[in-house]
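Throughout, a chain's letter reflects where its sequence line sits, starting with A, and its residues are numbered from 1.
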Amino acid sequence: MLDINLIRENPGLVQEKLAKKEYTVDFAEFLARDEKRRELIYKTEQLKADKNKTSAAIPRLKKEGQDVAPVMARMKQIGEEIKAGDEQLADLDRLQQAFLEALPNLPADDVVAGGKENNQVVRVVGQKPEFAFAPRHHVDLVEQLGLIDYTRGAKLGGSGFWVYRGDGARLEWALLNFFMEEHINDGYEMILPPHILTYQCGYTAGQFPKFKDDVFQLRQDEEGGEGFTHFILPTAETALVNMHRDEVLDEDALPFKYFAYTPCYRKEAGSYRAEERGMIRGHQFNKIEMFQYTLPEQSSAALEELVNKAARLVEKLGLHFRVSKLAAGDCSASMTKTYDIEVWIPSMNDYKEVSSASNAGDYQARRGNMRFRRKATGRMEFVHTLNASGLATSRILPAIVEQYQQADGSVAIPEVLRKWMDGRSVLSLKG
RNA sequence: GGAGAAGUAUCGAAGUGGUCAUAACGAGCUCGACUCGAAAUCGAGUUGUCACGAGAGUGGCGCGCGGGUUCGAAUCCCGCCUUCUCCGCCA
């Protein structure tokens, strides 16, 4: 959520910045209603002050034995006027709140305008592997090696699901172990959150109401937000951003650095494409998510820390990848700035995202009311929140299998994972 | 799933229809006094938010959340959430 004062003071600037995200907005009506709203607040508050004063006098008058009937009649009249004013105000509030909530975050100053086509590659690590043989698709490799069972995945969960088996399951878990070990060494606190969250969690993250239909919703009963009360998390970010919702944090204790492992559940309705067969886009995938709560002045540096951490993981796995800085229009609504880490998938002849590192600034903190008291000023301020995958495995595993494949159909195991694979250096057909 | 109890400031907790919610009382924390220093003791301070205002400040709102009754609600009524206790059920 944006600071309403920013819009009041400089609507043109806000408009300009949102235009970088290819979001057009006109504040004229909003500001007119804001003016009206404040007049109304003043008017009803005058009435309430009058009511309070009069009400306090009643017991005194009674004590003095005076007739309070006329005063009570007046109180009733004031009460009705207040009620009418409050109802009018509530209607205005709803309109204004809905307008504000729908606005995306402002992009950082150093983020370029426009959509995907303006993304900039800021770093390339390693190079595309050259094969002296015809490289295979990861779907063929993982099936031949018995790592993934797509048929039975579909039998159990329908399309978009798969089963990790044997060394495939162990390789997947080795990746998670490797990531967790790195984060623990870097001083991040490990979190295992609930996988089922309340509607409010999605709201704070900035994912609801816009993307409420992209998650698996539970308990479609009664009210509770938008027709459902709980959902299965689409990313651990949704959980981690709510850890300190409605809390006042200690300035000296910041930053908080967390990481969480959870599966991520997404409907991905209609987004499946033939080129994404295999594990590029499924309804459930494993991910370790990093998350930070920082002081406002720390968040820019924290974003660089997070993207570097994520990049280091891919680098240690020996994979060829690149880091892109996203143009404003390609950042998600909540974010001021985002880097994507994209790993090379030979069969797709393309780079696919394995990590997205973003700075939400105070946007999520406003939605979730997460603040700290600045000791120097004594004032409350919103914290900044950042998140970054570290990493999602569902594209790392195909990248490993494809980039590490050998002529005989075996796949070498990245050095850093071997200690979780009985020290083996290769997965071969006879394994 | 059933029954009961509870939710008030940083914590414990009093208040059960008005004139002590700038919330009694106790503790914590901050500053000061005392002290060589500390403990103890004494004194002062210690919620957020919205509107108006240059500011000092003035006013509104807030007793888990949302409604209702009433001239007036922490207090009465209804719904919900969370926690605790007991019972039932169960991987």
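In this structure, A:Glu39 atom CD and B:C50 atom P are separated by 20 Å, rounded to whole Å. Regarding A:Asp3, its CG atom lies at a distance of 13 Å from the P atom of B:U49, rounded to whole Å. Put simply, CG on A:Asn5 is 13 Å from P on B:G53, counting in whole angstrom units. Here the P atom of nucleotide B:A51 and the NZ atom of A:Lys36 are 18 Å apart, to the nearest Å. Between A:Met380 atom CE and B:A9 atom P there is a gap of 14 Å when expressed in whole angstrom units. The distance between atom CG of A:Leu249 and atom C1' of B:U10, rounded to the nearest whole Å, is 14 Å.
Across the strands present, B:G1 finds its partner in B:C87; the criterion is a Watson-Crick or G-U wobble pair with both atom distances under 3.5 angstrom. In this structure B:A44 sits in a base pair with B:U30, meeting the Watson-Crick or G-U test at under 3.5 Å. Shown here, B:A14 forms no base pair; nothing in the strands shown gives a Watson-Crick or G-U wobble contact with both key distances under 3.5 Å. Base pairing of B:G55: no nucleotide in any strand meets the Watson-Crick or G-U wobble criterion (both distances under 3.5 Å). Pair assignment for B:G79: B:C65, on the basis of Watson-Crick or G-U wobble contacts that are both within less than 3.5 Å. Across every strand in view, B:A21 sits unpaired, with no contact that passes the Watson-Crick or G-U test at under 3.5 angstrom.
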Show which side-chain atoms of residues 101-109 of chain A pair as donor or acceptor with protein atoms under 3.5 Å away, not counting sequence neighbours.
unit_1: A:Glu101; atom_1: OE2; unit_2: A:Gln97; atom_2: NE2; d: 3.2
unit_1: A:Glu101; atom_1: OE2; unit_2: A:Tyr203; atom_2: OH; d: 2.8
unit_1: A:Asn105; atom_1: ND2; unit_2: A:Ser334; atom_2: O; d: 2.8
unit_1: A:Asn105; atom_1: ND2; unit_2: A:Ala360; atom_2: O; d: 2.9
unit_1: A:Asp109; atom_1: OD1; unit_2: A:Lys17; atom_2: NZ; d: 3.4

> A:Thr338 and A:Ser356: side-chain contact (heavy atoms from CB on, under 4.5 Å), yes or no, with the steps?
Replying inline: CA-CA 7 Å; A:Thr338 296; A:Ser356 190; 3.4 Å; yes
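Geometric assessment of A:Lys287 against the ring of A:Phe179 yields a negative cation-pi assignment under the 6.0 Å and 45° thresholds.
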>> Please encode protein proximity along nucleotides 57-62 of chain B as a string of B, S and -, counting only heavy-atom distances under 4.0 Å.
In response: --BBS-
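Contact check on A:Arg74 versus A:Asp50 returns a salt bridge, with a Lys/Arg side-chain nitrogen under 4.0 Å from an Asp/Glu carboxylate oxygen.
In this structure, A:Arg37 reaches neither bases nor backbone, as no heavy-atom distance under 4.0 Å exists between it and the strands shown. The residue A:Arg366 sits apart from the nucleic acid: no heavy atom pair falls under 4.0 Å. Contact annotation for A:Ile41: backbone-only contact, meaning every heavy-atom pair under 4.0 Å involves sugar-phosphate atoms and none involves a base.
Partners of A:Glu251 by side chain to side chain contact (heavy atoms under 4.5 Å, CB included), not counting sequence neighbours, listed by chain and number: A:Leu295, A:Phe372, A:Arg374, A:Lys375. A:Tyr23 meets the ring-ring contact (aromatic ring centres under 6.0 Å, His included) test with no other residue; sequence neighbours excluded. Applying the ring-ring contact (aromatic ring centres under 6.0 Å, His included) rule to A:His183 yields the partners A:Phe259; only residues at least two apart in sequence or on another chain are considered.
When side chains are defined from C-beta on, A:Val215 does not count as touching A:Ile232, because their heavy atoms never get closer than 4.5 Å.
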Using atom names, set out every protein N or O paired with an N or O of nucleotides 65-67 of chain B below 3.5 Å, distance rounded to 0.1 Å.
none

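Side-chain atoms of A:Thr262 and A:Glu289 form no donor-acceptor pair, as typed in the model, at a separation below 3.5 Å.
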